[in-house]
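Computed from heavy atoms alone, side chains included, the values below leave out hydrogens, waters and symmetry copies. Lettering follows sequence order; numbering is per chain, from 1.
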2 protein chains.
Amino acid sequence: MPNNHFKRGELYSFITGKASIAIARRLQKKFNGAGLNLTIEQWSVLYHLWKADGISQQELCKATFRDKPSITRLVDNLEKAGLVKRVASENDRRINCIYLTKQAQKLQQQSMDIAEETLNEALDTVDPEKIEICKQVLQVVYDNLK
Amino acid sequence: MPNNHFKRGELYSFITGKASIAIARRLQKKFNGAGLNLTIEQWSVLYHLWKADGISQQELCKATFRDKPSITRLVDNLEKAGLVKRVASENDRRINCIYLTKQAQKLQQQSMDIAEETLNEALDTVDPEKIEICKQVLQVVYDNLK
DNA sequence: TTTGGATAGTTGCACAAACAACTATATGCC
DNA sequence: GGCATATAGTTGTTTGTGCAACTATCCAAA
């Protein structure tokens, strides 16, 4: 029997990711409350564009851990909202480079502040060493399954 | 500045819950591979019915951390699949008691085994003490935000 | 140079989530 | 009894996800 054998009652919340769902909901509420008309999923795309503007949809797939159709539709909606635009690559016409609009650039500071605030609320009273261990475990889980 | 202040680069995967998404995808693939025609969300409803058959939709909302419309539709689909049936409560006709069919009872052992196997794969090589700390942290996160 | 395979992106479909607005039933209070 | 209010559940709409099938473009080898 593997040493990580799980007791029945402990299995559920690990699989369902209750904690990350709670974080996402809190963040969404804060976005709404701040008048940011933005879903968490859209924000996750902008997050990577703020780090590297003009990357392709394929690169957004890898970065956000989503499949191609999901990114197609997120970019569709971001484009409708006037936050990004698709520009066909000069070198390879299969590729769309995704560029932030000025409007999207304005959202960076505020939304990142809200995200950080949310995480601080989530991790309030938690020993920083335990947070570090938790992050390590989640990273190994991800690496084990990807 | 709170002692849990997050560095930018660390913020993203905590918020997006990459690890639990990876777990859910792996579990879904295993269900599909085993010929279980069942989504993870449907399984999460059955999970609670296996523990307490005949509970109401409202109780399923609390147990699965979902809102009422989500449960309505999950029960719709489970009912279509012949896995549960709605029975109006005798005492209070507003309430639907949700009962497992024989077909659903047969799925318990196999699907729980697969779930446990998935978690063991996810947590392979992780020190059990660290898993314990990780579970604690995630529980506190949940309690902080709920 | 043509052709076959790989890569980038899109579309259709089924399922699920969040929110608001709705129906039906129960309950408590006058 | 009758009305206000709370509770259980449903429905409509928008958004997102996963899968399969599709188009367009690129590239490399015959």
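The residue A/T72 sits close to a base: some heavy atom pair falls under 4.0 Å. Heavy atoms of B/R73 sit under 4.0 angstrom from at least one base atom. Heavy atoms of A/Q42 sit under 4.0 angstrom from primed sugar atoms or phosphate atoms, though from no base atom. No engagement by A/D76 is indicated, since no non-hydrogen atom pair under 4.0 Å with the nucleic acid exists. Contacts of B/L74 with the nucleic acid, taken as non-hydrogen atoms under 4.0 Å apart, involve only primed sugar atoms and P, OP1 or OP2.
Atom-to-atom, CZ of A/R94 to P of C/dT10 comes out at 14 Å; the value is rounded to the nearest Å. Per the geometry, CD belonging to A/E90 stands 16 Å off C1' belonging to D/dC26, to the nearest Å. Rounded to an integer number of Å, the gap from A/R86 CZ to C/dA8 P is 15 Å. One can place CG of A/N32 at 17 Å from P of D/dT14, the figure rounded to the nearest angstrom. Spacing between atom CG of A/D92 and atom P of D/dT25 amounts to 10 Å, rounded to whole angstrom units. The distance from atom CG of A/D67 to atom C1' of D/dA21 is 14 Å, rounded to the nearest whole Å. Rounded to whole Å, atom P of D/dA20 lies 12 Å from atom CD of B/Q28. Atom CG of B/L60 is separated from atom P of C/dA17 by 13 Å (rounded to the nearest Å).
Distance from the side chain of B/P69 is smallest to D/dG12 among D/dG9, D/dG12, D/dC26. Of all nucleotides listed (C/dT10, D/dG18, C/dA17), C/dT10 comes nearest to the side chain of A/Q57.
Each of A/V75 and B/K68 was matched to the nucleotide of DNA chain C holding its nearest heavy atom; the match closer to the 5' end belongs to A/V75. Map B/I40 and A/E59 each onto its nearest nucleotide of DNA chain C; the residue landing nearer the 5' end is A/E59. Position along DNA chain D of the nearest nucleotide to A/T39 versus A/N91 favours A/T39 as the more 5'-ward residue. Sequence order on DNA chain D of the closest nucleotides to A/K80 and A/F65 puts A/K80 first from the 5' end.
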Task: Chi angles and distances behind the side-chain contact (heavy atoms from CB on, under 4.5 Å) call for B/I21, B/R25 - done: CA-CA 6 Å; B/I21 292 174; B/R25 285 185 190 162; 3.6 Å; yes
Task: CA sep, side-chain torsions, deciding dist, call: B/Q28, B/T39, side-chain contact (heavy atoms from CB on, under 4.5 Å) - done: CA-CA 7 Å; B/Q28 184 68 68; B/T39 67; 4.0 Å; yes
TODO: Determine, stepwise, if the pair B/R26 / B/F31 fulfils side-chain contact (heavy atoms from CB on, under 4.5 Å).
DONE: CA-CA 9 Å; B/R26 172 67 62 96; B/F31 277 0; over 6 Å; no
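For the pair A/R86 and A/Y99, the cation-pi test (distance below 6.0 Å, angle within 45°) is failed.
Between A/N96 and C/dA8 there is no side-chain N or O to OP1 or OP2 distance below 4.0 Å. Remark: B/N77 is not in phosphate contact with C/dA14, judged by side-chain N or O atoms under 4.0 Å from OP1 or OP2. Residue A/R93 places no side-chain N or O under 4.0 Å from the OP1 or OP2 atom of C/dA8.
Minimum interatomic distance between B/L100 and B/Q105 (heavy atoms only, all atoms of both residues): O-NE2, 3.9 Å. Contact record, A/A115 with A/W43: CB-CZ2, 3.7 Å, taken as the closest heavy-atom pair.
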